[in-house]
Amino acid sequence: MKITDIRATTVTVPLEAPLRHSNGAHWGRFVRTVVEVDTDEGITGLGEMGGGGESAALAFAGLKTYLVGHDPFDLNRMRYAICNPTASLYNNRTQLHAALEFACLDIVGKKLGVPVYQLFGGRVRDEIKFASYLFYRYPNPESGSGEVRTIEQLVEHAKALKAKYGFTTHKLKAGVFHPDYELECYLALAAAFPNDTLRYDPNCALSVEQALRFGQAISGLRNDYFEDPTWGFCGMRRLREKLSTPLATNTIVIDFEQLATNVRDPAVDVVLLDTTFWGGIRACIRAAQICEAFGLSIAVHSSGELGIQLATMLHLGAVLPNLVFAADAHYHHLLDDVIAGGKMVYVNGCIPVPNGPGLGIALDPEKLETYAELYRALGSYPYDRDPVRPQWYPLLPNTDFADPGDETAPHFRLR
């Protein structure tokens with residue numbers, strides 16, 4: 001079997017409301033690049049990649065000469081064709097490789113008539129549990145609804161998500177407001193859900209001293225972990241020495257060199273595996289096995305997925321015996337998807353692992369074209385900018401947080 005073509009389509013899919021984070025915002029929608037890899041046997045595989053609000057279509061087009069004629073079963077050679085470590089000093093293609101690996105695994109599964117999880121030894125669970133993944137949100141520019149800014153709005157939003165989807169783990173994406181205010185928010189969540197677990201993620205926005213005060217203040221709560229409170233190995237090691245809550249990361253351990261460093265001189269306890277950031281499902285499985293050997297915990301990270309990448313997260317979670325934490329997903333913030341049958345369904349906070357051949361999902365051609373046309377109409381958005389504070393850029397650690405009393409709302413098109 002040989003690859004005959006790679007087709008990339010950039011889409012933008014609306015969210016319930018713009019999602020705020022420590023570096024800016026998702027401007028009311030996700031921009032994702034859907035990849036279709038064709039073969040000479042008529043089998044097409046699906047992949048997906050983000051890109052901070054921008055298209056990756058041209059980057060995938062540039063890889064055609066590397067991969068046309070390549071056997072999709074030959075994944076080891078594909079890795080070095082795209083991600084040779086010395087060539088990557090000039091062209092880091094890790095996330096491009098991930099999307100193409102997704103597509104090749106989809107092809108292999110379809111060719112063999114088995115789900116992707118069977119290619120990795122079979123599943124150990126039938127469904128994957130997810131966290132609620134709470135964001136501070138601007139109101140929807142069209143409807144004016146969906147704002148999450150006050151403590152009351154945050155708790156009510158979390159209660160609504162729990163009632164609708166069945167979540168029993170709640171992650172607060174933070175670093176937007178001053179940590180003293182966000183501590184009030186987090187304590188309110190703990191009081192509202194005394195039997196659920198919590199996690200706090202300020203995206204490295206805090207100084208070591210701010211993170212230490214915050215970590216000490218939440219030490220008695222039912223925390224899964226304290227995620228990326230500050231930047232860098234040294235700062236995280238200082239915190240780890242002083243805090244009882246496990247530390248987690250998706251920023252300082254995202255490749256094998258960093259994982260080796262963390263094994264030799266631990267800075268974090270929980271490594272968050274992202275099928276895109278690590279370069280594919282195979283790399284995540286390898287990392288999970290290393291973590292298991294050295295007594296490090298793992299969880300599954302979310303980078304703003306549509307249904308294709310969500311399927312990769314489900315197949316990954318299905319084969320990891322040491323996955324004990326609920327996975328993250330932005331998915332419930334989406335209003336729609338590009339896969340056939342519409343959005344995947346949560347049941348009691350879980351999504352079933354697809355059982356069809358390959359990734360077990362298919363594209364909806366009409367939805368793909370609808371959201372491709374929407375992208376052509378709206379273009380990209382700057383993930384690392386705040387639409388309400390156009391001249392603002394965060395420091396690291398940040399000293400210029402947003403004001404929770406500011407009711408200013410953004411104005412931009414969503415459709």
Side-chain angles (χ1 to χ4, degrees), residues 1-10 32-51 56-85 87-88 91-123 273-287 305-316 318-319 338-340 353-363 365 368:
M1 185 188 298
K2 301 296 182 185
I3 293 172
T4 57
D5 198 10
I6 300 170
R7 294 173 288 129
T9 305
T10 302
R32 308 290 290 179
T33 301
V34 174
V35 182
E36 298 173 83
V37 175
D38 297 328
T39 66
D40 58 0
E41 295 191 15
I43 300 175
T44 296
L46 300 177
E48 177 191 327
M49 178 182 160
L58 289 177
F60 284 108
L63 293 179
K64 283 189 180 183
T65 58
Y66 291 74
L67 295 179
V68 170
H70 186 88
D71 187 336
F73 278 76
D74 203 353
L75 293 169
N76 289 328
R77 290 182 64 85
M78 184 181 80
R79 174 187 167 204
Y80 282 94
I82 299 174
C83 296
N84 179 288
S88 291
N91 296 299
N92 191 330
R93 298 176 178 142
T94 301
Q95 295 192 41
L96 298 170
H97 175 269
L100 292 164
E101 186 205 79
F102 301 160
C104 287
L105 290 172
D106 193 27
I107 290 167
V108 171
K110 289 173 178 175
K111 171 68 174 179
L112 300 178
V114 299
V116 162
Y117 62 72
Q118 284 297 115
L119 304 177
F120 299 108
R123 64 185 181 186
L273 300 173
D274 186 302
T275 56
T276 291
F277 293 170
W278 278 82
I281 299 174
R282 296 163 71 242
C284 287
I285 293 173
R286 179 180 165 210
E305 63 288 320
L306 301 181
I308 299 170
Q309 187 175 353
L310 180 63
T312 72
M313 296 158 61
L314 294 170
H315 284 279
L316 172 66
V319 301
V338 296
I339 60 173
V353 180
N355 287 316
L359 292 174
I361 46 93
L363 282 176
L368 184 69

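Along the sequence shown, residues carry numbers from 1. The structure displayed is predicted, hence computed values, not measured ones.
Distance NZ/Lys2 to CG/Asp74: 8.0 Å, rounded to 0.5 Å. Rounding to the nearest 0.5 Å places CZ of Arg7 at 5.5 Å from OG1 of Thr44. Going from atom CD1 of Ile281 over to atom CG of Leu316 covers 6.5 Å, rounded to the nearest 0.5 Å. Here CG of Leu67 is found 8.0 Å from OG1 of Thr65. Values are rounded to the nearest 0.5 Å. To the nearest 0.5 angstrom, Leu363 atom CG is 4.5 Å from Leu46 atom CG. Here Thr312 contributes atom OG1 and Ile308 contributes atom CD1; the two are 9.5 Å apart, rounded to the nearest 0.5 Å.
Residues passing the side chain to side chain donor-acceptor pair (under 3.5 Å) test with Arg282, sequence neighbours excluded: Asn76. Looking at residues two or more places apart in sequence or on another chain, you find no salt bridge (Lys or Arg N to Asp or Glu O under 4.0 Å) involving Arg93. By the salt bridge (Lys or Arg N to Asp or Glu O under 4.0 Å) test, Asp71 is found to be paired with no residue, residues two or more places apart in sequence or in another chain being considered. Qualifying side chain to side chain contact (heavy atoms under 4.5 Å, CB included) partners for Ala103, counting only residues two or more places apart in sequence or in other chains: Val37. For the side chain to side chain donor-acceptor pair (under 3.5 Å) test, residues two or more places apart in sequence or in another chain that qualify with Thr94 are Asn92. Under the side chain to side chain contact (heavy atoms under 4.5 Å, CB included) criterion, Gln95 pairs with Met49, Thr276, Phe277, sequence neighbours left out. Residues forming a side chain to side chain contact (heavy atoms under 4.5 Å, CB included) with Thr4 (at least two apart in sequence, or on another chain): Asp38, Asp40. Annotation: salt bridge (Lys or Arg N to Asp or Glu O under 4.0 Å) contacts of Arg123 (sequence neighbours excluded): Asp126. In this structure Pro72 satisfies the side chain to side chain contact (heavy atoms under 4.5 Å, CB included) test together with Met1, Ile3, Thr39, Cys104, Ile107, sequence neighbours excluded.
Asp274 approaches Gln309 most closely through the heavy-atom pair OD1-NE2, 3.6 Å. Closest approach of Ala8 and Phe60 over heavy atoms only: CB-CB, 3.9 Å. For the residue pair Val116 and Leu105, the shortest heavy atom distance occurs at CG2-O, 3.7 Å. A pairwise comparison of heavy atoms in Val353 and Leu314 identifies CG2-O, 3.8 Å as the closest pair. Across all non-hydrogen atoms, the minimal contact from Pro115 to Pro354 is CB-O, 4.2 Å. Across all their heavy atoms, Tyr66 and Ala81 have their closest contact at CD2-O, 3.4 Å.
Counting only residues at least two apart or in different chains, salt bridge (Lys or Arg N to Asp or Glu O under 4.0 Å) contacts with residues 58-67 comprise Asp5-Lys64. Under the ring-ring contact (aromatic ring centres under 6.0 Å, His included) criterion, the residue pairs touching residues 104-123 are Tyr117-His315, with sequence neighbours excluded. Legend: salt bridge (Lys or Arg N to Asp or Glu O under 4.0 Å) pairs involving residues 108-117, not counting sequence neighbours, sorted by first then second residue: Glu41-Lys111, Asp106-Lys110.
Annotation: side chain of Trp278 is in contact with side chain of Leu273 (closest heavy-atom distance under 4.5 Å).
Listed for the His97 side chain is no donor-acceptor partner under 3.5 Å among the backbone atoms of Cys83.
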### Query
When you look at Leu368 and Glu36, which way does the side-chain contact (heavy atoms from CB on, under 4.5 Å) test go after all the steps?
CA-CA 12 Å; Leu368 184 69; Glu36 298 173 83; 4.1 Å; yes
### Query
After noting the C-alpha distance and the side-chain angles of Thr9 and Thr33, does the key distance pass the side-chain contact (heavy atoms from CB on, under 4.5 Å) rule?
CA-CA 5 Å; Thr9 305; Thr33 301; over 6 Å; no
### Message
With side-chain contact (heavy atoms from CB on, under 4.5 Å) as the criterion, how do Thr10 and Arg32 come out once you've worked through the C-alpha distance, each side chain's angles and the decisive distance to 0.1 Å?
### Response
CA-CA 6 Å; Thr10 302; Arg32 308 290 290 179; over 6 Å; no
